[in-house]
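Ligands are counted one by one from 1 in listed order, and the atoms in each one are counted from 1 as well.
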Amino acid sequence: MNIRVEKIAVPKQKPDEKNLGFGKFYTDHMFVMDYDSHKGWHDARIVPYGPIPLEPTCVTLHYAQETFEGLKAYRTAEGKILLFRPEMNARRMINSNRRLCMPEFPEEMFVEAVKAIVKMDADWVPSEPETSLYIRPFMFATEGALGVHAANSYKFVIVLSPSGAYYKEGVNPVRILIEDELVRAVKGGTGFAKCGGNYAASILGQVKAEKKGCAQVLWLDGVERKYVEEVGTMNVMFKINNEIYTAPIDGSVLPGVTRDSILHILRDWGYTVHEERLSVDDLMAAGHSGALEEAFGTGTAAVISPIGEFIYKEDSVKINDFKTGELTQKLYDYLTGIQWGKEEDKYGWTTVVE
Ligand code: COI
């Protein structure tokens with residue numbers, strides 16, 4: 001891919017690495033590439049980070065033809081920069097785009113573009129503990145038209161954000177509201193795709209949870225409101241009687257890269273993993289009997305987020321005395337150890353940006 005580079009005239013001042021928060025600061029440059037149905041993908045460029053002009057009738061603004069990804073670049077103690085399984089994000093974006101009738105962005109081009117923009121802004125990859133450079137590739141329709149149809153022009157963009165912990169709680173247990181009315185996704189819909197519309201649909205549940213003193217929502221299936229699916233913007237796992245349970249990837253659940261990595265590690269560590277439906281009643285019963293030993297969310301942004309309590313209708317149950325479980329902590333340490341280059345990468349999951 002031939003990438004034209006236009007450098008920023010005056011580089012921005014870098015933020016304090018100790019107070020990054022999540023997704024609040026952006027680097028000097030962004031990657032942009034255009035698509036139209038005649039030329040296909042063309043005009044790959046790295047340009048100064050800045051606004052993107054849009055037609056008021058842009059299909060994305062009206063009909064949400066948009067997909068995105070999230071991955072991170074990590075600074076190792078030796079100063080190298082590592083990416084974690086970027087090809088998984090590339091493939092997931094292809095699947096998301098198929099669902100949204102958007103053109104596919106080829107896997108090799110995706111990885112090349114991510115490497116090129118991270119290399120360009122390499123001095124923005126933070127090195128303070130628990131920090132990384134969050135990478136946000138996204139694609140959206142640019143055609144201006146009010147009829148509902150698949151647009152004939154798109155942009156693929158990558159922006160970068162030096163970030164710390166996603167949740168202000170860090171790797172500490174949170175209270176979760178089990179949502180019994182609103183739903184995030186149904187099979188046949190877009191739940192498995194990483195598209196903005198899914199997140200828009202989730203915000204009301206999040207607001208409701210916060211009003212009840214909870215950090216996130218646990219989503220139940222959209223048909224019976226019976227089976228556990230995801231937590232907030234993350235996949236969710238439970239340790240019940242020393243075995244692991246998580247919802248299957250069967251249409252309404254996002255195929256998380258962290259989910260896949262954690263399941264791989266757990267199986268390697270000898271755990272029995274059930275990728276099957278778990279009902280909310282069985283979950284609460286396991287909580288009350290003490291069989292539910294640990295629960296945690298998995299996602300790129302937070303990596304692992306321990307769950308300390310579930311609130312469901314009039315009922316509530318605490319997990320592990322509202323303390324981070326031993327396995328949860330061990331998984332967090334091991335996976336982030338691979339990501340930050342502290343642990344041997346025996347699965348070949350990291351790629352050096354050079
Ligand atoms: C992730 O954890 O990767 C997410 O999807 C969170 C993101 C929407 C901020």
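Near T233, with a cut-off below 4.0 Å to any heavy atom, the atoms of ligand 1 are 5 (O), 6 (C). The distance from ligand 1 to the heavy atoms of A301 drops below 4.0 Å at these ligand atoms: 1 (C), 2 (O), 3 (O), 6 (C). The distance from ligand 1 to the heavy atoms of G299 drops below 4.0 Å at these ligand atoms: 2 (O). Near Y199, with a cut-off below 4.0 Å to any heavy atom, the atoms of ligand 1 are 5 (O), 8 (C). For ligand 1, the atoms sitting less than 4.0 Å from at least one non-hydrogen atom of Y166 are 9 (C), numbered in the order shown with element in parentheses.
Atom NZ of K318 sits in a sparse spot, with 12 or fewer heavy atoms from other residues, nucleotides or ligands closer than 6.0 Å.
For the pair V125/K80, no side-chain contact is recorded, criterion being any heavy-atom separation below 4.5 Å from C-beta on. Considering only heavy atoms from C-beta on, S153 stays 4.5 Å or farther from D34 through its side chain.
Any N or O atom pair closer than 3.5 Å counts here, and R136 shares no such pair with ligand 1.
With respect to K194 and E69, no salt bridge is recorded, no charged nitrogen being found less than 4.0 Å from a carboxylate O.
For Y332 and F296, the ring centers sit 6.0 Å or farther from each other.
Residue-level proximity to ligand 1 for K194 is carried by the side chain, the only part with a heavy atom below 4.0 angstrom.
The hydrophobic clustering, which links ILVMFWY residues whose side-chain heavy atoms are closer than 4.5 Å, places Y134 and M120 apart.
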